[in-house]
Amino acid sequence: MEKRYQELMNEAYALPYGDSKIALLEEAIRIADTHLTFEKQYSARMELTDAAVMSGRIEKGVVSFAWCLANYERGEHGYSDYLIIWHYKWICGNIKEFPEVSTAKIEEMLADYRQWLQKAGYNLRSYYKLQRSWAEHRGDKEQARYYYKKWQETEDDIMTDCEACEVNGEVNYWLNQGQFNKAYEIAKPLIDGDLTCHSVPQVTYGELLLPLLERG
């Protein structure tokens, strides 16, 4: 069964993000859970979290990540704090899209994410960015302004998103503050293709479509 597990993992590595990649990793998890070690159970779920988030299947990523987070401290997996915290950032950034998750639970997760950052010696720039997004989601412009300022004042570190995602975060902030012209100006390097990543500028287009429509 270990050979089949490795074949599935290798096939998944070779595929682009999408449902086929996810399906292979889910099968690898089933084999690992039944026949193999904790390390392989953990590794397959870490890969699934990555694939699910990048494929827009956040609901699958939440489940695999929750398992990894709950079992991380067993320490039989060979992964660093960096990866589990990076995945935690992804989940915290997307969990607000699930209406069944309460405000109290989301705030508990954000507080826990902050503790993970501090324990590992990272700064709070990524935490402030998440809090700014959460405030915007709730419609709390005052809190969003507060966390935007904290986010911008805090230096980059290895937990900071890529430059394209950081700029997209600024675009999102100014749109939510009702300042379309400023948002559009900031978005120009993304629209022109000078800054790109896996999700940008696609998400930027989505954020700009309605305000552009409203302006004809």
Side-chain angles (χ1 to χ4, degrees), residues 1-98 101 105-106 108-127 129-130 133 156-162 164-166 197-200 202-203:
M1 297 308 292
E2 185 164 352
K3 181 181 178 182
R4 179 56 182 154
Y5 168 88
Q6 198 56 57
E7 287 173 350
L8 289 164
M9 295 294 286
N10 290 340
E11 288 180 51
Y13 293 147
L15 287 177
Y17 292 119
D19 287 343
S20 295
K21 187 183 189 83
I22 290 170
L24 289 172
L25 291 168
E26 288 177 329
E27 180 61 23
I29 289 168
R30 283 190 285 272
I31 291 172
D33 285 353
T34 305
H35 302 286
L36 303 177
T37 63
F38 169 78
E39 179 181 4
K40 288 182 167 51
Q41 296 166 23
Y42 187 94
S43 294
R45 282 181 170 86
M46 288 290 283
E47 292 298 326
L48 178 58
T49 302
D50 175 81
V53 170
M54 292 302 176
S55 303
R57 298 298 303 275
I58 305 301
E59 74 284 357
K60 291 181 179 289
V62 168
V63 174
S64 58
F65 174 75
W67 189 97
C68 290
L69 187 68
N71 288 279
Y72 179 79
E73 292 184 352
R74 286 176 63 176
E76 302 167 27
H77 44 72
Y79 284 91
S80 65
D81 287 345
Y82 169 80
L83 276 176
I84 193 73
I85 297 172
W86 191 273
H87 284 195
Y88 206 167
K89 178 176 67 171
W90 282 343
I91 299 304
C92 285
N94 286 282
I95 198 66
K96 61 184 180 295
E97 306 304 327
F98 294 84
V101 181
K105 181 60 178 176
I106 293 172
E108 177 186 322
M109 289 176 64
L110 287 166
D112 189 53
Y113 174 72
R114 176 177 180 146
Q115 289 181 351
W116 276 81
L117 287 173
Q118 292 176 315
K119 182 179 177 181
Y122 301 127
N123 72 30
L124 296 180
R125 182 181 174 95
S126 61
Y127 165 77
K129 185 182 179 186
L130 288 169
S133 179
D156 292 345
D157 69 359
I158 63 171
M159 280 297 145
T160 301
D161 289 332
C162 74
C165 284
E166 289 286 285
C197 70
H198 173 77
S199 57
V200 175
Q202 297 92 315
V203 294

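Computed from a predicted structure; not experimentally measured.
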| Backbone N or O of Pro16 within a donor-acceptor pair of the Lys21 side chain at under 3.5 Å? | no
| Within the side chain of Ser64, is there an N or O that forms a donor-acceptor pair under 3.5 Å with the backbone of Gly61? | yes
Any side-chain heavy atom of [X] within less than 4.5 Å of one from [Y]?
X     : Y     : value
Asn71 : Arg45 : no
Phe65 : Ile84 : yes
Lys40 : Ile29 : no
Lys60 : Glu26 : yes

| Candidate pair Phe98 and Ile58, rule side chain to side chain contact (heavy atoms under 4.5 Å, CB included), full reasoning | CA-CA 10 Å; Phe98 294 84; Ile58 305 301; 3.7 Å; yes
Calculate, to the nearest 0.5 Å, the distance between atoms [atom1] and [atom2] belonging to [X] and [Y] respectively.
X      : Y      : atom1 : atom2 : value
Glu11  : Leu25  : CD    : CG    : 10.5 Å
Asn94  : Glu59  : CG    : CD    : 10.5 Å
Cys197 : Glu166 : SG    : CD    : 10.5 Å
Glu7   : Met9   : CD    : CE    : 13.0 Å
Arg57  : Leu48  : CZ    : CG    : 10.0 Å
Ile91  : Ile106 : CD1   : CD1   : 12.5 Å

Please report the shortest heavy-atom distance between [X] and [Y], naming the atom on each side.
X      : Y      : result
Leu69  : Trp116 : CD1-CZ2, 3.4 Å
Ile85  : Ala120 : CD1-CB, 3.6 Å
Ala52  : Ile22  : CA-CD1, 4.0 Å
Met109 : Ile95  : SD-CG1, 4.1 Å
Ser55  : Gly18  : OG-N, 2.8 Å
Ser126 : Met159 : CB-O, 3.6 Å

| field | Test log, rule ring-ring contact (aromatic ring centres under 6.0 Å, His included), inputs Tyr113 and Tyr127 | value | CA-CA 7 Å; Tyr113 174 72; Tyr127 165 77; 7.0 Å; no
For [X], check ring-ring contact (aromatic ring centres under 6.0 Å, His included) against everything at least two apart and list the hits.
X      : result
His77  : Tyr42, Tyr72
His198 : Tyr17
Tyr5   : none
Tyr82  : Trp86

| task | Apply side chain to side chain contact (heavy atoms under 4.5 Å, CB included) to Gln6 and Asn10, showing your working. | result | CA-CA 6 Å; Gln6 198 56 57; Asn10 290 340; 3.2 Å; yes
| task | Only pairs at least two apart or in different chains count here, so list each salt bridge (charged side-chain N to carboxylate O under 4.0 Å, His left out) that has a residue in residues 86-97. | result | Lys89-Asp161
| task | Applying side chain to side chain contact (heavy atoms under 4.5 Å, CB included), run through Leu117 and Asn123 and close with a yes or a no. | result | CA-CA 7 Å; Leu117 287 173; Asn123 72 30; over 6 Å; no
| said: Could you go through Glu76 and Thr37, starting from their C-alpha distance and side-chain angles, then the distance that decides it, and tell me whether this counts as side chain to side chain contact (heavy atoms under 4.5 Å, CB included)? | reply: CA-CA 9 Å; Glu76 302 167 27; Thr37 63; over 6 Å; no
| note | With sequence neighbours left out, the residues meeting side-chain hydrogen bond (donor to acceptor under 3.5 Å, both in side chains) with Arg114 are none
